[in-house]
Amino acid sequence: MEQQIERAISLELKEMCFTDHVDYGIKKDWTEENIQWRGGDGVGTAATDMDPLTNVNYPEYFGKLLRMRKIYGDKITIRNGLEFGIQQHTIPQYRKLVEEYGKYLDFILLSFHQVENKEFWTGEFMEGRSQEEYNLRYYEEMLRVVSEFDDFDVLAHVDLISRYDPAGSYPSEMLKTSDGDADHTRFFLFIFLVNFI
């Protein structure tokens with residue numbers, strides 16, 4: 001955390017926000033029993049490392065952010081955030097989390113890292129489905145969640161599934177605008193989800 005803050009200061013940024021992950025459904029909180037361990041994701045940790053399959057330790061996280069504010073507060077504004085990797089069936093857990101820790105939060109990203117407790121980066125969510133089926137199911141889940149849950153600030157990486165799509169970009173006309181530009185489509189989908197639901 002210190003390295004990111006010092007880098008932001010060196011870039012003359014005035015403000016930054018940390019948004020550690022919470023992924024109920026596939027991860028437990030640190031206070032729960034029978035924590036599972038798995039190999040690293042190959043990005044944040046080596047694939048050979050063992051990581052606990054848990055959400056961020058909230059008291060430690062918010063405590064560290066408070067310490068960073070005291071150390072660096074005269075040079076940069078540091079905001080507290082979380083990224084909610086939400087699913088429709090986990091909405092009650094996120095409501096409880098906001099109720100308990102909302103007073104510490106400046107910013108919440110809403111993301112979709114898995115559906116039906118099946119992750120994209122492992123390919124599990126796509127198994128046994130056609131490209132059209134898993135893409136449509138992904139966006140259906142997003143629509144259902146934003147229809148029921150509004151305790152967030154930004155809907156993040158709306159097209160995350162495309163990063164892990166083994167078949168490449170989804171070619172359906174349903175996800176293209178009249179000019180065929182997928183980036184415009186994602187933008188229009190975002191505007192629709194945030195403003196009209």
Side-chain angles (χ1 to χ4, degrees), residues 1 4-5 15-41 43-45 50-70 77-122 124-125 134 136-161 163-164 189-197:
M1 195 176 278
Q4 290 105 346
I5 294 169
E15 188 170 327
M16 67 186 305
C17 183
F18 287 89
T19 56
D20 210 330
H21 289 77
V22 180
D23 288 291
Y24 288 122
I26 62 159
K27 294 181 181 176
K28 294 182 177 184
D29 282 333
W30 277 96
T31 55
E32 296 181 61
E33 295 181 7
N34 302 317
I35 300 296
Q36 294 179 321
W37 293 74
R38 71 173 177 193
D41 62 8
V43 178
T45 56
M50 294 300 288
D51 287 334
L53 196 53
T54 59
N55 294 313
V56 64
N57 182 321
Y58 310 114
E60 284 184 17
Y61 175 66
F62 292 123
K64 185 164 187 177
L65 284 167
L66 180 60
R67 289 191 303 278
M68 296 299 101
R69 283 178 167 184
K70 288 179 181 176
T77 300
I78 300 171
R79 302 285 181 196
N80 298 347
L82 287 172
E83 181 173 352
F84 291 179
I86 198 166
Q87 301 174 72
Q88 188 177 21
H89 72 277
T90 62
I91 289 173
Q93 291 170 281
Y94 287 98
R95 285 190 175 129
K96 183 178 177 187
L97 178 62
V98 169
E99 186 177 306
E100 187 170 352
Y101 290 100
K103 62 187 171 202
Y104 303 108
L105 289 167
D106 300 310
F107 191 78
I108 297 173
L109 287 171
L110 192 72
S111 301
F112 297 84
H113 301 140
Q114 57 276 325
V115 175
E116 302 162 3
N117 290 342
K118 296 176 182 176
E119 295 183 279
F120 311 135
W121 72 275
T122 63
E124 182 184 15
F125 177 69
Y134 58 74
L136 292 179
R137 178 66 185 97
Y138 171 76
Y139 288 106
E140 287 170 357
E141 181 77 1
M142 190 179 299
L143 181 60
R144 289 177 183 151
V145 168
V146 298
S147 296
E148 293 180 38
F149 186 82
D150 62 1
D151 217 341
F152 65 97
D153 297 291
V154 171
L155 185 59
H157 46 74
V158 176
D159 64 344
L160 179 67
I161 195 164
R163 181 185 305 172
Y164 304 106
L189 176 63
F190 171 79
I191 296 300
F192 173 76
L193 289 171
V194 173
N195 292 309
F196 300 107
I197 301 299

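Remember, it's a predicted structure, so these values are computed and weren't measured experimentally.
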Original post:
Just by modelled atom types, is the Met1 backbone N or O under 3.5 Å from a matching donor or acceptor in the Gln4 side chain?
Top reply: yes
Original post:
Is the Tyr104-Tyr58 ring centre distance short of 6.0 angstrom?
Top reply: no
Original post:
Do Glu141 and His89 have a side chain donor and acceptor closer than 3.5 Å?
Top reply: no
**OP:** Fit a plane to each ring of Tyr134 and Phe125, take the angle between them on a 0 to 90° scale, and name the class: parallel (under 30°), tilted (30 to 60°) or perpendicular (over 60°).
**Re:** perpendicular
Subject >> Criterion side chain to side chain contact (heavy atoms under 4.5 Å, CB included) on Gln88 and Met142, from CA distance to verdict >> reply: CA-CA 8 Å; Gln88 188 177 21; Met142 190 179 299; over 6 Å; no
Original post:
Which is it for Thr19 and Leu82 under the side chain to side chain contact (heavy atoms under 4.5 Å, CB included) test, yes or no, and what are the steps along the way?
Top reply: CA-CA 4 Å; Thr19 56; Leu82 287 172; 5.8 Å; no
Original post:
Taking atom NZ of Lys118 and atom CD of Glu116, what is their separation to the nearest 0.5 Å?
Top reply: 5.5 Å
Original post:
Where do Val158 and Tyr138 come nearest, in terms of heavy atoms and distance?
Top reply: O-OH, 2.7 Å
Original post:
Out of curiosity, Met68 CE to Met16 CE, how far, rounded to the nearest 0.5 Å?
Top reply: 11.5 Å
Subject >> Candidate pair Val145 and Leu110, rule side chain to side chain contact (heavy atoms under 4.5 Å, CB included), full reasoning >> reply: CA-CA 10 Å; Val145 168; Leu110 192 72; 4.3 Å; yes
Subject >> Nearest-0.5 Å distance, CG of residue Asn117 to OG1 of residue Thr90 >> reply: 8.0 Å
Original post:
Do Val115 and Phe120 have side chains that get closer than 4.5 Å, going by heavy atoms?
Top reply: yes
Original post:
What closest approach, in Å, do Tyr94 and Gly85 show between heavy atoms, and which atom pair accounts for it?
Top reply: OH-O, 3.1 Å
Original post:
Between Leu143 and Ser147, which heavy-atom pair has the shortest distance, and what is it?
Top reply: O-OG, 2.8 Å
Subject >> Contact check, side chains of Phe149 and Pro92, non-hydrogen atoms, under 4.5 Å >> reply: no
**OP:** Assess whether side chain to side chain contact (heavy atoms under 4.5 Å, CB included) is satisfied between Phe62 and Asn80, documenting all intermediate values.
**Re:** CA-CA 7 Å; Phe62 292 123; Asn80 298 347; 4.1 Å; yes
Subject >> CD/Glu15: more than 12 non-hydrogen atoms of other groups inside 6.0 Å >> reply: yes
**OP:** Could you tell me the separation between the CG atom of Leu97 and the CD1 atom of Ile86, rounded to the nearest 0.5 Å?
**Re:** 10.0 Å
Original post:
For the atom pair CZ (Phe18) and NZ (Lys64), what is the distance rounded to the nearest 0.5 Å?
Top reply: 8.5 Å
**OP:** Go through the side-chain N and O atoms of Asp29 and Asn55 and say whether any donor and acceptor fall under 3.5 Å apart.
**Re:** yes
Original post:
Are any of the side-chain heavy atoms of Val22 and Glu83 separated by less than 4.5 Å?
Top reply: no
**OP:** Considering only NZ, NE, NH1 and NH2 on the basic side and carboxylate oxygens on the acidic side, decide whether Arg95 and Glu99 come within less than 4.0 Å.
**Re:** no
Subject >> Nearest heavy-atom neighbours spanning Val98 and Asp151 >> reply: CG1-OD2, 3.0 Å
Subject >> Ser111 side-chain N/O to His113 backbone N/O, donor-acceptor pair under 3.5 Å >> reply: no
Subject >> Between Phe152 and Phe84, ring centroids under 6.0 Å >> reply: no
**OP:** Please answer whether the main-chain N or O of Arg79 pairs with a side-chain N or O of Asp106 as donor and acceptor at a distance below 3.5 Å.
**Re:** no
**OP:** Measure across Cys17 and Phe107 and return the closest heavy-atom pair with its distance rounded to 0.1 Å.
**Re:** SG-CB, 3.7 Å
Original post:
Charged N to carboxylate O below 4.0 Å: is that the case for Asp20 and Lys27?
Top reply: no
**OP:** Could you tell me the separation between the CD1 atom of Ile78 and the NZ atom of Lys70, rounded to the nearest 0.5 Å?
**Re:** 12.5 Å
